[in-house]
Amino acid sequence: MNDSANPSPARTPRIALIGDRSPHVRSHVRVPVLLDALAERDGLVLDAYWIPTGDAAEPGTVRGFDAVWLLPGSPYASETGVLTAVRTAREHGIPFLGTCGGFQHALLEYARNVCGLTGAAHAENDPSAADDDLLIAPLACSLVGHEGLVRVAPGSLAERALGAERGTERYHCDYGPVSSRLDVLRAHGMRFTGEDEEGGVRIAELPGHPFFLATLFQPELAGDGSDPHPMIRALAAAATEHAEESRG
């Protein structure tokens, strides 16, 4: 047993990078650059572990980590794996960031396991799903290679992380949420705190969770990676705080 007067030594925060790592996915290639920059520029050193989506299917896989980042790269090899990782982070208060496909599957997990929409579907994973079940569907206009303004809600986690009420963000996706299906998620506590100029939902978060943020855009693609996006710095800071709180 650790004496409170003699706490256990500080440890490096551990972050689980959930995704089927590929040199062909730009965000995957960018992550090591971002981790180096976080350490060098911000003093935020993270011990990162890549976890393939199939391995994430075991409920305890991400327990013990100080943060979970569900990266782009869908269709994932295991939908079950990514949803299990999201659920574990959500239920156990582990700081979480989901970007692009991570955003889409964070909404899918919440719809199924919190809202009771067990048939909620992602068109990329289940192209034969009935229209009434689709939560994530093809976008009317692809956002691959798109850059656009995102406005965030005052007082939100997104605003605190971004440090501003708006930002210009980069996308690389063909799928997004069906707007008419989101009221059920709102009614069960999820907040949608970022919109594009047409009112499309681009950020989701969970009040009451230490840090749960999901973005349809890819903050990891901002700039050249030498100056990490504020939301990535915020995740690293949350992981550091989680590690400190878990000492002893």
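- Ion pairing between E147 and R170 holds under the 4.0 Å rule for side-chain N and carboxylate O.
- Hydrophobic clustering, with ILVMFWY side chains joined whenever heavy atoms are under 4.5 angstrom apart, groups V82 together with Y49.
- Between the side chain of D20 and the main chain of A77, a donor-acceptor pair closer than 3.5 Å is present.
- Judged by distance alone, with hydrogens and angles left aside, the side-chain atoms of R181 form a donor-acceptor pair with the main-chain N or O of L134 at under 3.5 Å.
- A continuous path of Ile, Leu, Val, Met, Phe, Trp and Tyr side chains, each step under 4.5 Å between heavy atoms, connects L34 with L46, placing both in one hydrophobic cluster.
- Without hydrogens or angle criteria, R233 side chain to P228 main chain gives a donor-acceptor distance under 3.5 Å.
- Checking side-chain atoms of H146 against main-chain N and O of Y171 turns up no donor-acceptor pair under 3.5 Å.
- Side-chain N or O atoms of E205 include one that pairs as donor or acceptor with a backbone N or O of L157 at under 3.5 Å.
- Pairing each heavy atom of P32 with each of V29, the nearest pair is CD-O, 3.2 Å.
- Two residues are said to be in side-chain contact when any heavy atoms from C-beta on lie closer than 4.5 Å; T88 and R63 meet this criterion.
- A donor atom on one side chain and an acceptor atom on the other are not found under 3.5 Å apart for T53 and D55.
- Using a 4.5 Å cut-off on side-chain heavy atoms (C-beta onward), L117 and L135 make no contact.
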| request: Give the intermediate values and the outcome of side chain to side chain contact (heavy atoms under 4.5 Å, CB included) for residues I18 and V62. | output: CA-CA 9 Å; I18 308 298; V62 301; 3.9 Å; yes
| task | With ring-ring contact (aromatic ring centres under 6.0 Å, His included) as the test, would you mind laying out the steps for F217 and F103 before giving the verdict? | result | CA-CA 9 Å; F217 55 86; F103 166 91; 8.7 Å; no
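- At a threshold of 4.5 Å between non-hydrogen side-chain atoms, the residues H242 and P210 do not count as touching.
- Using a 4.5 Å cut-off on side-chain heavy atoms (C-beta onward), L216 and V201 make no contact.
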| field | Pair V184-H188, side chain to side chain contact (heavy atoms under 4.5 Å, CB included): steps then yes or no | value | CA-CA 6 Å; V184 177; H188 284 80; 4.0 Å; yes
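- One finds a salt bridge joining E79 and R112 here, because a Lys/Arg side-chain nitrogen approaches an Asp/Glu carboxylate oxygen to under 4.0 Å.
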| message | H122 vs Y175, test: ring-ring contact (aromatic ring centres under 6.0 Å, His included). Steps then yes/no. | response | CA-CA 9 Å; H122 190 307; Y175 293 85; 5.4 Å; yes
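- Side chains of P177 and L107 form a contact here, defined as non-hydrogen atoms less than 4.5 Å apart.
- For the residue pair H105 / N125, a side-chain donor-acceptor distance below 3.5 Å is found, with atom types taken as modelled.
- Under 3.5 Å, the side chains of Q218 and T99 contain no donor-acceptor pair of N or O atoms.
- With hydrogens and angles disregarded, a donor-acceptor distance shorter than 3.5 Å links the side chain of H28 to the backbone of P72.
- When hydrophobic clusters are built by joining Ile, Leu, Val, Met, Phe, Trp and Tyr residues whose side-chain heavy atoms come closer than 4.5 Å, directly or via intermediates, F192 is not grouped with V178.
- Shown here for L35 and A48, the closest heavy-atom pair between the two residues is CD1-CB, 3.6 Å.
- R11 has a carboxylate O that lies under 4.0 Å from a charged side-chain N of D66, or vice versa, which qualifies the two as a salt bridge.
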| request: For T193 and V152, run side chain to side chain contact (heavy atoms under 4.5 Å, CB included): C-alpha distance rounded to whole Å, both residues' side-chain angles, the deciding distance at 0.1 Å, then the answer. | output: CA-CA 5 Å; T193 56; V152 298; 5.7 Å; no
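- Within the 4.5 Å cutoff, the side chain of M190 has heavy atoms near those of the L206 side chain.
- The two atoms that bring A153 and E159 nearest to each other are O-CB, 3.6 Å, heavy atoms only.
- Proximity of a side-chain donor or acceptor of D42 to a complementary backbone N or O of L44 within less than 3.5 Å is not detected.
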| task | Just do the side chain to side chain contact (heavy atoms under 4.5 Å, CB included) check on H229 and E169 with the steps written out, would you? | result | CA-CA 10 Å; H229 190 285; E169 309 296 348; 2.9 Å; yes
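- Other residues, nucleotides and ligands contribute more than 12 heavy atoms inside 6.0 Å of the CG atom of D183.
- Of the listed residues (F212, W69, F65, Y110), just one forms a ring pair (Phe, Tyr, Trp, His ring centres under 6.0 Å) with F96, and that residue is F212.
- The two atoms that bring G189 and P207 nearest to each other are O-CD, 3.4 Å, heavy atoms only.
- Under the 4.0 Å criterion applied to side-chain N and carboxylate O atoms, R90 and E109 are assigned as salt-bridge partners.
- Within the model, atoms CG of L162 and CZ of R160 stand 12.0 Å from one another, a figure rounded to the nearest 0.5 Å.
- A donor-acceptor pair is defined here as one N or O able to donate and one able to accept, closer than 3.5 Å; no such pair exists between the side chain of R14 and the backbone of A67.
- Residues F211 and L235 meet the side-chain proximity criterion, which asks for heavy atoms closer than 4.5 Å.
- Hydrophobic clustering (ILVMFWY, side-chain heavy atoms < 4.5 Å, transitive): V33 and I15 are in distinct clusters.
- The minimum heavy-atom distance linking S74 with E124 is given by the pair OG-OE1, 3.0 Å.
- Between T61 and I51 there is a side-chain heavy-atom pair separated by less than 4.5 Å.
- To the nearest 0.5 Å, the span separating CD1 on I232 from CZ on R30 amounts to 9.0 Å.
- Hydrophobic clustering places L139 together with L182 (ILVMFWY residues linked when any side-chain heavy atoms are closer than 4.5 Å, directly or through intermediates).
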